[in-house]
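Below: one structure, written as structure tokens.
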Number of protein chains: 2
Amino acid sequence: MSATVPAAEAPMRQRILDLAEEMLLSRGYEGFSYQDIADAIGIRKASIHHHFASKEDLGSAIVERSRIRLAEARGPVVEDAARIRKLLDNYFRFFERLAEEGKKLCLGGRLAADQMVLPEAVRVPHRAFLGDNETWLTELMRAGQKTGVITRAQSAADLALLLRATIQGAVQIARSSGSVDPYRRIVRQLKQQLLA
Amino acid sequence: MSATVPAAEAPMRQRILDLAEEMLLSRGYEGFSYQDIADAIGIRKASIHHHFASKEDLGSAIVERSRIRLAEARGPVVEDAARIRKLLDNYFRFFERLAEEGKKLCLGGRLAADQMVLPEAVRVPHRAFLGDNETWLTELMRAGQKTGVITRAQSAADLALLLRATIQGAVQIARSSGSVDPYRRIVRQLKQQLLA
DNA sequence: GTCTATAGCGGGATAGAC
DNA sequence: GTCTATCCCGCTATAGAC
């Protein structure tokens with residue numbers, strides 16, 4: 001459990017990664033440049049090439065980091081009703097925070113939108129990221145059904161798909177409306193259907 | 001009711017608009033250039049500036065055209081069960097066609113993803129487009145409830161929001177998976193909940 | 001209405017000094 | 001590890017001939 005390091009004192013590689021991720025999620029892969037990052041940190045763009053030789057490297061590093069983080073943050077899906085409820089709640093709240101900020105999209109949805117302009121070196125980890133998500137969410141749905149937390153009878157895979165689509169759309173709609181409210185209203189209905 | 005003109009013989013302004021829309025929906029606002037359009041048509045990029053002085057003009061023209069088209073295509077929401085069912089079906093099939101092609105996103109979702117890099121001249125008609133959609137969908141939901149086609153009790157506005165979020169997410173997930181299948185599985189569940 | 005030519009900018013990337 | 005300087009490219013946009 002590493003201590004949180006203030007942004008200004010974090011190692012440069014991490015500061016670049018953090019800033020680039022922020023910009024990627026809000027503006028898209030083509031919407032930020034080495035110049036933008038350099039200006040925000042107060043260094044020259046050539047210095048960024050020292051840490052990430054190419055933009056592809058930077059892009060794929062962002063995705064890989066998120067993939068690892070998610071795997072750690074989610075932990076195992078054990079078949080315990082309280083645990084399942086907790087995991088589901090965390091899931092909804094993660095995206096609610098994005099909707100509250102109103103600037104960023106979720107990584108999966110962001111890169112899905114950008115996919116036609118992504119270099120292959122970024123598309124590959126993105127696909128892996130999506131696969132991880134799908135797998136975990138499907139497990140969660142299945143465990144939810146077994147423990148009675150989720151009452152719907154469809155296949156767990158179908159439920160996972162519905163959940164992800166709805167959340168992804170909700171985050172985007174909230175951002176484009178400039179308010180969290182749509183997110184909350186959509187998720188309230190989604191929960192009702194899933195947990196009713 | 002105007003006859004459909006083959007692309008190669010359509011007026012140049014329209015050919016540019018068609019191609020630019022195609023590219024916008026698949027690659028995003030920053031993902032296509034005057035050069036791309038010029039190459040595809042077989043003219044020089046300077047010629048495009050004759051029809052659309054700036055990229056903003058081209059962008060906003062695309063959105064305005066879609067707005068008008070949609071208003072015409074949808075027609076009035078009359079409170080007749082068969083009519084409502086028909087309209088809902090058309091709605092789902094419109095997006096299913098996008099998912100089948102697997103290249104484009106819907107205009108609302110595409111520009112929502114791009115919004116942080118859109119010039120104000122494109123954002124304005126986009127907001128109007130989203131507003132039109134929201135209004136029409138809400139009317140449709142209300143009429144659906146009155147005629148008994150839709151059995152859910154939530155507010156029509158909430159249902160409209162849920163519908164739009166789910167569809168928008170479904171189109172994106174289908175495209176990033178390279179198959180219509182996810183779209184169909186998501187929409188099947190959505191219909192079940194709405195119409196059950 | 002289309003062309004050639006070019007301006008002016010910003011992008012990613014590299015070489016080499018410090 | 002950061003810097004200056006520079007390269008080459010593609011972008012939007014404009015001027016002016018045809």
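Treat the numbers as computed from the prediction; the structure is a model and nothing was measured. Numbered from 1 within each chain, the chains take letters A, B, ... in sequence-line order.
A:R44 has its CZ atom 15 Å from the P atom of D:dT6, to the nearest Å. Rounded to an integer number of Å, the gap from CD1 of A:I48 to C1' of D:dC3 is 13 Å. The distance between atom CZ of A:R15 and atom P of D:dG1, rounded to the nearest whole Å, is 14 Å. Between the CG atom of B:L58 and the P atom of D:dT12 there is a distance of 10 Å, rounded to whole Å. If you measure from atom CZ of A:F52 to atom P of D:dT2, you get 12 Å, rounded to the nearest angstrom. A:D57 places its CG atom 10 Å from the P atom of C:dT14, with the value rounded to the nearest Å. Regarding B:M12, its CE atom lies at a distance of 9 Å from the C1' atom of C:dT2, rounded to whole Å.
Along DNA chain D, the nucleotide nearest to A:K45 and the one nearest to A:H51 differ in position, and the one closer to the 5' end is contacted by A:H51.
Closest contact between the side chain of B:H50 and the listed nucleotides C:dT14, D:dT2, C:dG1 involves C:dG1. Out of C:dT2, D:dC3, C:dT4, the shortest distance to the side chain of B:A46 is found at C:dT4. Picking from D:dT12, C:dC3, D:dT2 the nucleotide with the shortest atom distance to the side chain of B:H49 gives D:dT12.
Side-chain atoms of A:L70 and A:D132, non-hydrogen and from C-beta on, never get closer than 4.5 Å to each other. Looking only at side-chain heavy atoms (C-beta outward), A:Y34 and A:L58 come within less than 4.5 Å of each other.
Remark: A:S47 is in phosphate contact with D:dC3, judged by side-chain N or O atoms under 4.0 Å from OP1 or OP2.
In this structure, CZ on B:R142 lies 11.0 Å from CG on B:L140, to the nearest 0.5 angstrom. Of the inter-residue distances, the one linking A:K103 atom NZ with A:E22 atom CD reads 8.0 Å to the nearest 0.5 angstrom. With rounding to the nearest 0.5 angstrom, the CG atom of A:D114 is 7.5 Å from the CG atom of B:D114.
Listed in residue order, the members of residues 21-40 of chain B having a heavy atom less than 4.0 Å from DNA chain D are B:F32, B:S33, B:Y34, B:Q35.
The environment of B:R127 atom CZ is dense: over 12 non-hydrogen atoms of other residues, nucleotides or ligands sit within 6.0 angstrom.
B:E72 has no carboxylate O lying under 4.0 Å from a charged side-chain N of B:R69, or vice versa, which leaves the two without a salt bridge.
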